[in-house]
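Below is one structure, written out as structure tokens; the observations come after it.
Below, chains carry the letters A, B, ... as their sequence lines are ordered, and counting in each starts from 1.
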Amino acid sequence: MEPFKLEFAIDGEDFHSAGEASSETKKALKKLGIPADTIRRVSICMYEGEMNMVLHANGGAVTVEVGEDAIAIALADSGPGIPDIGAALSEGFSTATNEIRELGFGAGMGLPNMKKYCDEMDIQTELGVGTTVTMKINL
Amino acid sequence: MKLSEIERVLGAKVFCGGDRLDEEALSACGSDLMSDVLAFVKDQAVMLTGLVNQQVVRTAEMMDMKCIVFVRGKAPDESIVNLARGYGLVVMSTEYTMYVACGLLYSNGLGNT
């Protein structure tokens, strides 16, 4: 398969359009003939990541690269950073406000879900500087 | 269970996707937490929820669902219905509470396999 790359700027102010990038990615992967199960895993990982960026980090940039053996997703933001990655990866741990919870998110399942559905995940974070989450889903 | 049967059992009002009510659903889930829905991939075709916003539609689309049922008579606004229509999703609303709506569907044969 030819290498294929998608890039998105995520608007941190617009909760309602959050998920558009994931939706477009899903459409593009379908066109490439990627198996449905793989597309769903990519969609969940990217959607949760996109929501995190909008809810916690005021947006950021997402890159999706489809290679020979894997699909790589990179989510980079200039948000507050994650003080305790171990806690953030525990199911149910959340720093979300009530406002976020009323929107149906902030249950402390975002990063755990991403970790569950990808094959490899790496989180680089610095307080006050930002966070970059990279994920790989094998083909 | 056909989506038309879901409509009948729940006495639901259909907002979009009325031409797809012949499609089959083999399982469903009920939740107001979208991350919980995203956490359990089980080919659920139907989501019942009391949450009404565009992220419900996006979550359903990410999970390849067929139908969203809003409970307690909640009505989606036009932007939600338009988004769902674009994804080819069926959207309904029932007056029943989440508990009763789930119970009715389950007891009428819509399991969670």
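Residues of residues 62-84 of chain B lying under 4.5 angstrom from chain A, judged on non-hydrogen atoms, are B:Met62, B:Met63, B:Asp64 by number. Of all residues spanning residues 15-25 of chain A, those with a heavy atom less than 4.5 Å away from chain B's heavy atoms are A:Phe15, A:His16, A:Ser17, A:Ala18, A:Gly19, A:Glu20, A:Ser22, A:Ser23, arranged by number. The interface of residues 113-133 of chain A with chain B, defined by heavy-atom distances below 4.5 Å, comprises A:Asn113, A:Lys116, A:Tyr117. Contacts from residues 94-105 of chain A to chain B, taken as heavy-atom pairs separated by less than 4.5 Å, involve A:Glu102, A:Leu103, A:Gly104, A:Phe105 in sequence order.
The CD atom of A:Glu48 lies 5.0 Å from the CG atom of B:Leu38; values are rounded to the nearest 0.5 Å. If you take OH on B:Tyr87 and NZ on A:Lys27, they are separated by 7.0 Å, rounding to the nearest 0.5 Å.
A pairwise comparison of heavy atoms in B:Ser35 and A:Gly110 identifies OG-N, 4.4 Å as the closest pair.
Of the atoms belonging to A:Met46, not a single heavy atom falls under 4.5 Å from chain B. Of the two parts of B:Thr49, neither the backbone nor the side chain holds a non-hydrogen atom closer than 4.5 Å to a non-hydrogen atom of chain A.
Under a hydrophobic-cluster definition in which Ile, Leu, Val, Met, Phe, Trp and Tyr are linked whenever side-chain heavy atoms come within less than 4.5 Å, directly or via other members, B:Met92 and B:Leu110 are assigned to the same cluster. Linking Ile, Leu, Val, Met, Phe, Trp and Tyr residues whenever their side-chain heavy atoms come within less than 4.5 Å leaves A:Ile85 and A:Phe93 in two separate clusters. In the hydrophobic clustering of ILVMFWY residues, with side-chain heavy atoms under 4.5 Å counting as a link, A:Ile71 and A:Leu32 come out together. B:Phe40 is not connected to B:Leu48 by any chain of hydrophobic side-chain contacts under 4.5 Å among Ile, Leu, Val, Met, Phe, Trp and Tyr, and they are in different clusters. The hydrophobic clustering, which links ILVMFWY residues whose side-chain heavy atoms are closer than 4.5 Å, places A:Leu111 and A:Val54 together.
Residue-environment remark: CD (A:Glu91) stays at or below the threshold of 12 foreign heavy atoms within 6.0 Å. The environment of A:Lys136 atom NZ is sparse: at most 12 non-hydrogen atoms of other residues, nucleotides or ligands sit within 6.0 angstrom. Atom CG of A:Asp37 is surrounded by 12 or fewer heavy atoms from other residues, nucleotides or ligands within 6.0 Å.
Contacts with chain A were tallied for B:Thr59, B:Val52, B:Val56, B:Asp36; B:Thr59 has the most, counting heavy-atom pairs under 4.5 Å. Interface summary for chain A: among B:Gln54, B:Arg58, B:Met34, the most heavy-atom pairs under 4.5 angstrom belong to B:Arg58. Across A:Ile44, A:Val42, A:Ile39, the residue that shares the most heavy-atom pairs under 4.5 angstrom with chain B is A:Ile44.
In this model, no donor atom of one side chain and acceptor atom of the other lie less than 3.5 Å apart for A:Tyr47 and B:Glu61.
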